[in-house]
Amino acid sequence: MVDNAFAGMGFSAESAKHAFPLKMFLPGSDLSPIEQNIDKVIHGLTRWQPQRTKKATVVPAAITVEGRDCADALDRLNALFIRNLWSDGLPILPPTEQRVSWLMTGTGLPRQKVLGKVLPRGGIATLETIATAAAMAGCRPEYMPVLLAALEAILDPLVYHQHMQSTTGNAHPAVIVNGAVARDIRLNSGYGCLGPSPVYPAGASIGRAIRLVLLNVGGAIPGSASMSIHGGPARYTGLVFAEDEAGLPADWQPLNMERGFGRGSNSVTVLVTSGGTEVWEGAALDEKEALDTLFDFAGSMRVPYGGYFANAFNPVGAPGIVLMARTTAQGYANLGWSKDRIRQYLWEHSKLPDSPWLRRTLQAWARRGMFVKDHIEYPMPLAVNPSNIMVVVAGGEQAGHSYWLQVHGGTVGPASREVAIPSNWNTLLAEAEQDLGPRPAL
Amino acid sequence: MEKERIEQGVKLKVHNPGGSVEVVQSHAPRLTELNGKTIGELSNGVWEDQRTFERIRGALERRLPDAKIIPFTEFPIGSERIDSESAIDLLLQRGCEAVITGNAA
């Protein structure tokens, strides 16, 4: 972990350190190993010398695997990638030059273009490196514009991806896509939009490619650089889905417009989340039911989750994402509710009452420098303003269940990027139709 | 899939998924001697820092009676706060010639 962090800061991947077992850092532990090893601390400050002393760019070599036949070579490649910690544990497709070149046709950009450094390791995310992850994850060329925009957003300082990568929390990016690109690439906004779908395969591969970049380029290997205690299933393929723009009530703005993009623009918005809660049941057939449904939803937000507080006092922080199916949204719109009114209601009713737990948690966050505020008003809102709550229409068609994706405490706020569509888009989509069949109807 | 038929099988040549890394900074030169020097501590505020740093400080003070060790409580605490120019400025201002950090930070 420490060597990764040094690499991320531009040093050689080595450091003057002595590693103690993790159990030593737990309450009530035996600290005698410190005295026993104090010479090693002194050595680190006086005699330790780095192996690499020259400035350089370290380019990893290509890999060759041989097998009796294609299946055997593929098995050996997968085993090699697992041995070298270049995998998420699931089988990968081989990132051959042919496959990487195929994926690059979805970018219209040079393969050495750099998106940024992925921390903590500080690996350089070139388009070629990203296409390598995309190849391993099973992406198609038409997925690349969304993948690149999502990674650009993840590298935005607002997302503070280094915290997401190394935290003990269960942080993972939620990527919401707006615009025609979502339907073009078969990205799910409907039934099961947070899960697997052969009808809408794009989200899983894009999310997996993001994870492989975070693992391989960023070095966030669980237990060594990523200290996430549980990780969470969303760390495999992430949460990459589209807003159900066709299901939005007429006078509700889609997320891309709320984020400052024009109507119809292709965009991604990323918020680092830590998990989700199904909220059931609920609809908005009349005003009483609408209020009951929202009150229940606010109850799912109003929980003792310490992660809220890292940015509850941050003007750009978001406490999470409300996912509401189109029929539920339409019910609210029919009763005169706007997204803003829903946010206002949820903000008011999700405030946390004063409690010893709340005071203790706020104090702990303050000590770690994650927020500073002298005076807290109780009940305490989860965000500075109601507008900080993200409301997205997505999910299956009927009313019923809604979903609350809570923020990971440690990110600063959501980040958005426009999706750049390459000039060969229609050709890519035609090839996709040939391979996968007609796009599903709206 | 790129594959080259070899005498008795198949060869797969693939890209390395790790990506390049740049080494653009050198590690600071080590001190020849710690006695008489000022050593700062930086903490991210978790992982029992109040216990571990106290023990490290005590052990160092016994070995290096002329070293001055400034406790982490006299510097900013927290991952973001210690990863800042202002933290470095404060270390320099306090005369620190060496720093101990990474208490699981």
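FYI, side chains are in, hydrogens and waters are out, and symmetry mates aren't considered; it's all heavy atoms of this structure. Residue numbers start from 1 in every chain, and the chains themselves are labelled A, B, ... in the order their sequence lines are given, proteins ahead of strands.
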Participant: So do the side chains of Val46(B) and Phe25(A) get within less than 4.5 Å of each other, counting heavy atoms only?
Facilitator: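 Side-chain contact under 4.5 Å: no.
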Participant: Under a 4.5 Å cutoff for heavy-atom pairs, which residue among Ala13(A), Ser15(A), Gly219(A), Gly44(A) has the most contacts with chain B?
Facilitator: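 Ranked by contacts with chain B, first place is Gly44(A).
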Participant: If you count every heavy atom of other residues, nucleotides or ligands that lies below 6.0 Å from Arg94(B) atom CZ, does the total exceed 12?
Facilitator: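 Yes, the 6.0 Å shell around CZ holds more than 12 heavy atoms from other groups.
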Participant: Give the minimum heavy-atom separation between His15(B) and Val100(A), together with the two atoms involved.
Facilitator: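 For His15(B) and Val100(A), the tightest heavy-atom pair comes out as CD2-CG2, 3.6 Å.
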Participant: Any idea which of Phe81(A), Trp102(A), Phe20(A), Trp86(A) has the most non-hydrogen atom pairs under 4.5 angstrom with chain B?
Facilitator: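 Ranked by contacts with chain B, first place is Trp86(A).
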Participant: With a 4.5 angstrom heavy-atom cut-off, which part of Thr57(A) approaches chain B: side chain, backbone, both or neither?
Facilitator: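 Both parts, backbone and side chain.
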Participant: Heavy-atom distances under 4.5 Å only: say whether Val2(A) touches chain B with side chain, backbone, both or neither.
Facilitator: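 Contact with chain B involves no heavy atom of Val2(A) at all.
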Participant: Rounded to the nearest 0.5 Å, how far does OG of Ser20(B) lie from CD of Glu128(A)?
Facilitator: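 If I round to the nearest 0.5 Å, the distance is 8.5 Å.
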Participant: Tell me the closest heavy-atom pair linking Thr46(A) and Leu34(B), and the distance in Å.
Facilitator: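 For Thr46(A) versus Leu34(B), the nearest heavy atoms are CG2-CG, 3.6 Å.
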Participant: Specify which of Thr168(A), Asp39(A), Asn37(A) makes the most heavy-atom pairs with chain B at under 4.5 Å.
Facilitator: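 Max contact count across the listed options: Asp39(A).
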Participant: Determine whether Val10(B) and Asp72(A) make a side-chain contact, defined as any pair of heavy atoms from C-beta on separated by less than 4.5 Å.
Facilitator: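 Result no, sub-4.5 Å side-chain heavy-atom pair not found.
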Participant: Name the member of Ala133(A), Pro27(A), Gly218(A) that forms the most heavy-atom pairs with chain B at distances under 4.5 Å.
Facilitator: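 Ranked by contacts with chain B, first place is Pro27(A).
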Participant: Measure from the side-chain N and O atoms of Arg99(A) to the backbone N and O of Val14(B), and report whether any donor-acceptor pair falls under 3.5 Å.
Facilitator: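 The answer is no, because no donor-acceptor pair under 3.5 Å joins these two groups.
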Participant: Pick one of side chain, backbone, both or neither for Ala61(A), based on which atoms fall under 4.5 Å of a heavy atom in chain B.
Facilitator: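 The backbone, not the side chain.
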Participant: Is Arg76(A) in contact with chain B via its backbone, its side chain, both, or neither, using a 4.5 Å heavy-atom distance?
Facilitator: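 Contact with chain B is absent: no heavy atom of Arg76(A) under 4.5 Å.
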Participant: Give, as side chain, backbone, both or neither, the part of Lys117(A) having an atom under 4.5 angstrom from any heavy atom of chain B.
Facilitator: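 Contact with chain B: side chain only.
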Participant: Chain A heavy atoms under 4.5 Å from Arg55(B): which part of the residue, side chain, backbone, both or neither?
Facilitator: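 Looking at Arg55(B), backbone and side chain both touch chain A.
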Participant: Is any side-chain heavy atom of Arg30(B) closer than 4.5 Å to one of Gln49(A)?
Facilitator: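 A side-chain contact exists here, since the closest heavy-atom pair is under 4.5 Å.
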Participant: Is it the side chain or the backbone of Leu93(A) that comes within 4.5 Å of chain B heavy atoms, both, or neither?
Facilitator: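 No part of Leu93(A) comes within 4.5 Å of chain B.
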Participant: For Val41(A), is it the side chain, the backbone, both, or neither that has a heavy atom closer than 4.5 Å to a heavy atom of chain B?
Facilitator: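 When you check distances to chain B, only side chain atoms of Val41(A) fall under 4.5 Å.
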Participant: What part of Thr129(A) is in contact with chain B, defined as an atom under 4.5 angstrom from a non-hydrogen atom: side chain, backbone, both or neither?
Facilitator: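 The side chain, not the backbone.
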Participant: Please check this pair: side chain of Glu66(A) against backbone of Gly9(B), looking for a donor-acceptor N/O pair closer than 3.5 Å.
Facilitator: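 Side chain of Glu66(A) to backbone of Gly9(B): no pair is present.
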Participant: Of the backbone (N, CA, C, O) and the side chain (C-beta and beyond), which part of Ser166(A) lies under 4.5 Å from a heavy atom of chain B, both, or neither?
Facilitator: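 Ser166(A) has no heavy atom closer than 4.5 Å to chain B.
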Participant: Minimum heavy-atom separation for Val23(B) to Val58(A), with atom names?
Facilitator: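 Heavy-atom minimum between the residues: CG2-CG2, 4.4 Å.
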Participant: What distance separates Glu33(B) CD from Ile42(A) CD1, expressed to the nearest 0.5 Å?
Facilitator: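 The CD atom of Glu33(B) sits 9.5 Å away from the CD1 atom of Ile42(A).
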Participant: How far does CE of Met9(A) sit from CD of Gln25(B), to the nearest 0.5 angstrom?
Facilitator: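 It is 8.0 Å, given to the nearest 0.5 Å.
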Participant: Which atoms of Ile130(A) come close to chain B, meaning under 4.5 Å heavy atom to heavy atom: side chain ones, backbone ones, both, or neither?
Facilitator: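 Contact with chain B: none, neither part.
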Participant: Answer with side chain, backbone, both or neither: which region of Phe6(A) has an atom nearer than 4.5 Å to a non-hydrogen atom of chain B?
Facilitator: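 Only the side chain of Phe6(A) comes within 4.5 Å of chain B.
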Participant: Against chain B, label Pro50(A) side chain, backbone, both or neither, depending on which of its atoms sit under 4.5 Å from a heavy atom there.
Facilitator: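 For Pro50(A), the side chain is the part near chain B, not the backbone.
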Participant: One pair to check against side-chain contact (heavy atoms from CB on, under 4.5 Å): Trp47(B) and Leu22(A). What are the steps and the verdict?
Facilitator: CA-CA 9 Å; Trp47(B) 297 102; Leu22(A) 187 64; 3.5 Å; yes
Participant: At a 4.5 Å cut-off on heavy atoms, which part of Thr53(A) comes close to chain B: side chain, backbone, both, or neither?
Facilitator: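 Only the backbone of Thr53(A) comes within 4.5 Å of chain B.
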Participant: Under a 4.5 Å heavy-atom cutoff, which of Ala59(B), Gly19(B), Gly58(B) has the most pairs with chain A?
Facilitator: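 Answer, by heavy-atom pair count under 4.5 Å with chain A: Gly19(B).
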Participant: Only pairs of heavy atoms separated by less than 4.5 Å count here; which of Leu77(A), Leu212(A), Leu26(A), Leu45(A) has the most with chain B?
Facilitator: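 Ranked by contacts with chain B, first place is Leu45(A).
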Participant: Please classify the contact of Met136(A) with chain B as side chain, backbone, both or neither, using a heavy-atom distance under 4.5 Å.
Facilitator: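 For Met136(A), side-chain heavy atoms alone lie under 4.5 Å from chain B.
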Participant: Taking Arg51(B) for its side chain and Ser29(A) for its backbone only, find out whether a donor-acceptor pair lies under 3.5 Å.
Facilitator: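 Checking the backbone N and O of Ser29(A) against the side chain of Arg51(B), a donor-acceptor pair under 3.5 Å is found.
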Participant: Taking the side chain as everything from C-beta on, heavy atoms only, tell me whether Pro17(B) gets closer than 4.5 Å to Asn84(A).
Facilitator: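 In short, these two side chains do not touch, never coming nearer than 4.5 Å.
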Participant: Between CD of Glu54(B) and CG of Leu31(A), what distance do you get to the nearest 0.5 Å?
Facilitator: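 Answer for the CD-CG pair, Glu54(B) versus Leu31(A), is 9.0 Å.
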Participant: Roughly how far, to the nearest 0.5 Å, is OG1 of Thr64(A) from NZ of Lys11(B)?
Facilitator: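 It comes to 6.0 Å.
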Participant: Is atom CD of Gln51(A) surrounded by more than 12 heavy atoms (other residues, nucleotides or ligands) closer than 6.0 Å?
Facilitator: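 No - once you tally the heavy atoms of other residues, nucleotides and ligands closer than 6.0 Å, there are 12 at most.
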Participant: As an exercise: rank Ile39(B), Ile100(B), Leu60(B), Leu64(B) by heavy-atom pairs under 4.5 Å with chain A and give me the winner.
Facilitator: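 When all of Ile39(B), Ile100(B), Leu60(B), Leu64(B) are compared, Leu60(B) has the most.
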Participant: Count the heavy-atom pairs under 4.5 Å between each of Gly123(A), Pro60(A), Ala131(A), Ala62(A) and chain B, then report the option with the highest count.
Facilitator: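 Result: the option with the highest number of such pairs is Pro60(A).
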Participant: Would you compute the distance between atom NE2 of His18(A) and atom CD1 of Ile56(B) and round it to the nearest 0.5 angstrom?
Facilitator: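 Nearest 0.5 Å value for the NE2-CD1 distance: 10.0 Å.
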Participant: Does the plane of the ring in Phe11(A) sit parallel, tilted or perpendicular to the ring in His27(B)? Use 30° and 60° as the thresholds.
Facilitator: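 Rings of Phe11(A) and His27(B): tilted, 30 to 60°.
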